[in-house]
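Here the structure comes first, spelled out in C-alpha coordinates, and everything after it is commentary.
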Amino acid sequence: MTATALPPLPPDVAELLRALDAPPRLVAHLALVHEVAEEITGFCAREGLVFDCEAVLYGAATHDIGKTVHPEELSAPGSRHEPAGHALLLAHGVPEHLARFARTHASWDGPGVTVESLLVSLADKAWKDKRVRDLEDLVVERLAAAGGRERWEAFLALDDLLTRIGEDAPRRLAVQAAHPVRTG
Ligand SMILES: [Fe+2]
(Lines give C-alpha, C1' and ligand atoms only; values in the text may rest on other atoms or scores of the structure.)
Protein backbone atom coordinates (compact mmCIF):
# COMPACT_ATOMS: atom_id res chain seq x y z
CA MET A 1 0.00 0.00 0.00
CA THR A 2 1.31 3.47 -0.83
CA ALA A 3 1.29 6.05 1.95
CA THR A 4 -2.04 7.50 0.88
CA ALA A 5 -3.79 4.28 -0.20
CA LEU A 6 -7.20 3.76 1.35
CA PRO A 7 -8.37 0.75 3.31
CA PRO A 8 -11.26 -1.05 1.57
CA LEU A 9 -14.92 -0.12 2.01
CA PRO A 10 -17.71 -2.70 1.79
CA PRO A 11 -18.18 -3.29 -2.00
CA ASP A 12 -21.83 -2.12 -2.07
CA VAL A 13 -20.88 1.11 -0.28
CA ALA A 14 -17.91 1.73 -2.60
CA GLU A 15 -20.26 1.23 -5.56
CA LEU A 16 -22.84 3.67 -4.17
CA LEU A 17 -20.18 6.32 -3.50
CA ARG A 18 -18.96 5.95 -7.11
CA ALA A 19 -22.53 6.31 -8.40
CA LEU A 20 -22.95 9.48 -6.32
CA ASP A 21 -19.62 10.87 -7.57
CA ALA A 22 -18.62 11.35 -3.93
CA PRO A 23 -15.71 13.74 -3.28
CA PRO A 24 -12.37 11.91 -2.70
CA ARG A 25 -12.03 13.53 0.74
CA LEU A 26 -15.36 12.02 1.79
CA VAL A 27 -14.50 8.56 0.44
CA ALA A 28 -11.20 8.69 2.34
CA HIS A 29 -12.92 9.75 5.56
CA LEU A 30 -15.50 6.96 5.33
CA ALA A 31 -12.82 4.33 4.55
CA LEU A 32 -10.71 5.42 7.52
CA VAL A 33 -13.63 5.50 9.98
CA HIS A 34 -14.75 2.09 8.66
CA GLU A 35 -11.24 0.73 9.25
CA VAL A 36 -11.32 1.96 12.86
CA ALA A 37 -14.85 0.54 13.30
CA GLU A 38 -13.45 -2.88 12.34
CA GLU A 39 -10.96 -2.63 15.21
CA ILE A 40 -13.61 -1.43 17.64
CA THR A 41 -16.16 -4.11 16.69
CA GLY A 42 -13.49 -6.84 16.93
CA PHE A 43 -12.62 -5.64 20.42
CA CYS A 44 -16.28 -5.42 21.51
CA ALA A 45 -17.00 -8.94 20.23
CA ARG A 46 -14.02 -10.28 22.20
CA GLU A 47 -15.37 -8.45 25.26
CA GLY A 48 -18.64 -10.38 24.94
CA LEU A 49 -20.80 -7.50 23.75
CA VAL A 50 -23.81 -8.63 21.72
CA PHE A 51 -24.50 -6.24 18.85
CA ASP A 52 -25.13 -6.05 15.11
CA CYS A 53 -21.57 -5.89 13.79
CA GLU A 54 -22.63 -5.57 10.15
CA ALA A 55 -24.79 -2.55 11.01
CA VAL A 56 -21.91 -0.81 12.82
CA LEU A 57 -19.54 -1.37 9.90
CA TYR A 58 -22.14 -0.21 7.38
CA GLY A 59 -22.91 2.82 9.53
CA ALA A 60 -19.24 3.75 9.82
CA ALA A 61 -18.83 3.39 6.05
CA THR A 62 -21.82 5.62 5.24
CA HIS A 63 -22.38 7.97 8.22
CA ASP A 64 -21.33 11.15 6.37
CA ILE A 65 -22.76 10.19 2.97
CA GLY A 66 -25.08 13.22 3.19
CA LYS A 67 -22.01 15.34 2.47
CA THR A 68 -22.43 14.32 -1.18
CA VAL A 69 -25.55 16.53 -0.97
CA HIS A 70 -23.93 19.18 1.27
CA PRO A 71 -20.24 19.15 0.24
CA GLU A 72 -19.71 22.49 2.00
CA GLU A 73 -19.91 20.50 5.24
CA LEU A 74 -16.69 18.69 4.27
CA SER A 75 -14.73 21.81 5.15
CA ALA A 76 -17.04 23.68 7.53
CA PRO A 77 -19.20 22.56 10.45
CA GLY A 78 -22.83 21.79 9.78
CA SER A 79 -25.51 19.18 10.35
CA ARG A 80 -27.59 19.42 7.19
CA HIS A 81 -25.77 16.33 5.90
CA GLU A 82 -27.33 14.23 8.67
CA PRO A 83 -31.02 14.13 7.59
CA ALA A 84 -29.89 14.37 3.94
CA GLY A 85 -27.70 11.26 4.27
CA HIS A 86 -30.44 9.28 5.94
CA ALA A 87 -32.94 10.21 3.20
CA LEU A 88 -30.39 9.46 0.48
CA LEU A 89 -29.71 5.95 1.80
CA LEU A 90 -33.43 5.18 2.15
CA ALA A 91 -33.97 6.43 -1.42
CA HIS A 92 -31.32 3.94 -2.58
CA GLY A 93 -33.18 1.09 -0.91
CA VAL A 94 -30.96 0.79 2.16
CA PRO A 95 -33.06 -0.52 5.09
CA GLU A 96 -33.64 1.72 8.10
CA HIS A 97 -31.51 -0.37 10.49
CA LEU A 98 -28.49 0.37 8.26
CA ALA A 99 -29.49 3.88 7.11
CA ARG A 100 -30.17 5.34 10.59
CA PHE A 101 -26.52 6.08 11.41
CA ALA A 102 -26.36 8.84 8.81
CA ARG A 103 -28.93 10.69 10.92
CA THR A 104 -27.72 9.71 14.43
CA HIS A 105 -23.91 9.70 14.30
CA ALA A 106 -23.49 13.11 15.94
CA SER A 107 -25.88 12.56 18.87
CA TRP A 108 -25.30 9.82 21.40
CA ASP A 109 -26.94 11.21 24.53
CA GLY A 110 -30.58 10.95 23.49
CA PRO A 111 -32.95 8.42 25.06
CA GLY A 112 -32.96 4.95 23.51
CA VAL A 113 -29.60 5.31 21.77
CA THR A 114 -28.49 1.86 20.59
CA VAL A 115 -25.12 0.28 21.23
CA GLU A 116 -24.58 0.20 17.45
CA SER A 117 -25.05 3.99 17.29
CA LEU A 118 -22.59 4.47 20.15
CA LEU A 119 -19.96 2.41 18.33
CA VAL A 120 -20.36 4.32 15.05
CA SER A 121 -20.02 7.62 16.93
CA LEU A 122 -16.99 6.27 18.78
CA ALA A 123 -15.25 5.24 15.54
CA ASP A 124 -15.99 8.71 14.10
CA LYS A 125 -14.00 10.22 17.01
CA ALA A 126 -11.30 7.57 17.55
CA TRP A 127 -9.94 7.71 13.97
CA LYS A 128 -8.43 11.14 14.70
CA ASP A 129 -7.68 10.41 18.37
CA LYS A 130 -10.47 12.62 19.67
CA ARG A 131 -11.42 11.38 23.11
CA VAL A 132 -14.97 12.16 24.26
CA ARG A 133 -15.51 11.21 27.87
CA ASP A 134 -19.32 11.06 27.97
CA LEU A 135 -19.43 8.92 24.82
CA GLU A 136 -16.75 6.56 26.16
CA ASP A 137 -18.61 6.30 29.48
CA LEU A 138 -21.72 5.09 27.67
CA VAL A 139 -19.69 2.43 25.83
CA VAL A 140 -17.96 1.40 29.07
CA GLU A 141 -21.37 0.89 30.69
CA ARG A 142 -22.41 -1.49 27.88
CA LEU A 143 -19.09 -3.35 27.98
CA ALA A 144 -19.17 -3.76 31.75
CA ALA A 145 -22.73 -5.08 31.67
CA ALA A 146 -21.94 -7.49 28.81
CA GLY A 147 -18.77 -8.89 30.33
CA GLY A 148 -20.03 -8.97 33.93
CA ARG A 149 -17.04 -6.83 34.88
CA GLU A 150 -16.41 -3.80 37.02
CA ARG A 151 -16.68 -0.48 35.23
CA TRP A 152 -13.04 0.34 35.87
CA GLU A 153 -11.92 -2.89 34.22
CA ALA A 154 -14.02 -2.19 31.16
CA PHE A 155 -12.76 1.39 31.16
CA LEU A 156 -9.11 0.27 31.19
CA ALA A 157 -9.69 -2.18 28.35
CA LEU A 158 -11.42 0.45 26.21
CA ASP A 159 -8.83 3.08 27.08
CA ASP A 160 -6.08 0.70 25.95
CA LEU A 161 -7.81 0.11 22.64
CA LEU A 162 -8.47 3.81 21.99
CA THR A 163 -4.90 4.74 22.92
CA ARG A 164 -3.57 2.17 20.45
CA ILE A 165 -5.95 3.36 17.72
CA GLY A 166 -5.02 6.96 18.52
CA GLU A 167 -1.33 6.32 17.93
CA ASP A 168 -2.10 5.85 14.23
CA ALA A 169 -4.19 9.03 13.98
CA PRO A 170 -1.45 11.18 12.36
CA ARG A 171 -1.23 8.69 9.47
CA ARG A 172 -5.01 8.68 9.03
CA LEU A 173 -5.20 12.48 9.11
CA ALA A 174 -2.45 12.67 6.48
CA VAL A 175 -4.21 10.13 4.26
CA GLN A 176 -7.50 12.02 4.48
CA ALA A 177 -5.84 15.39 3.82
CA ALA A 178 -4.13 13.94 0.73
CA HIS A 179 -7.56 13.42 -0.87
CA PRO A 180 -9.11 16.55 -2.40
CA VAL A 181 -12.38 18.03 -1.17
CA ARG A 182 -13.59 18.45 -4.74
CA THR A 183 -14.16 15.78 -7.34
CA GLY A 184 -12.14 16.00 -10.54
FE1 LIG B 1 -17.37 11.45 10.21
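This structure is a prediction, so every number in the text was calculated from the model and none was measured. Order of listing sets the numbers, starting from 1, for every ligand and every atom in it.
- With salt bridges taken as basic N to acidic carboxylate O contacts below 4.0 Å, one links Glu15 and Arg18.
- Between Arg133 and Asp137 there is a salt bridge, since at least one side-chain N of the basic residue sits less than 4.0 Å from a carboxylate O of the acidic one.
- Using modelled atom types, one finds no donor on one side chain facing an acceptor on the other under 3.5 Å when comparing Arg25 with Ser75.
- Both Leu32 and Val13 are assigned to one and the same hydrophobic cluster, defined by single-linkage of ILVMFWY side chains at heavy-atom distances under 4.5 Å.
- Listed by chain and residue number, Trp152, Glu153 satisfy the side chain to side chain contact (heavy atoms under 4.5 Å, CB included) test with Glu150 (two or more places apart in sequence, or in another chain).
- The pair Arg103-Glu96 counts as a salt bridge, with a side-chain nitrogen and a carboxylate oxygen less than 4.0 angstrom apart.
- Taking distances strictly below 2.8 Å, the protein N/O/S atoms close to the Fe ion (ligand 1) are His29 NE2, His63 NE2, Asp64 OD2, Asp124 OD1.
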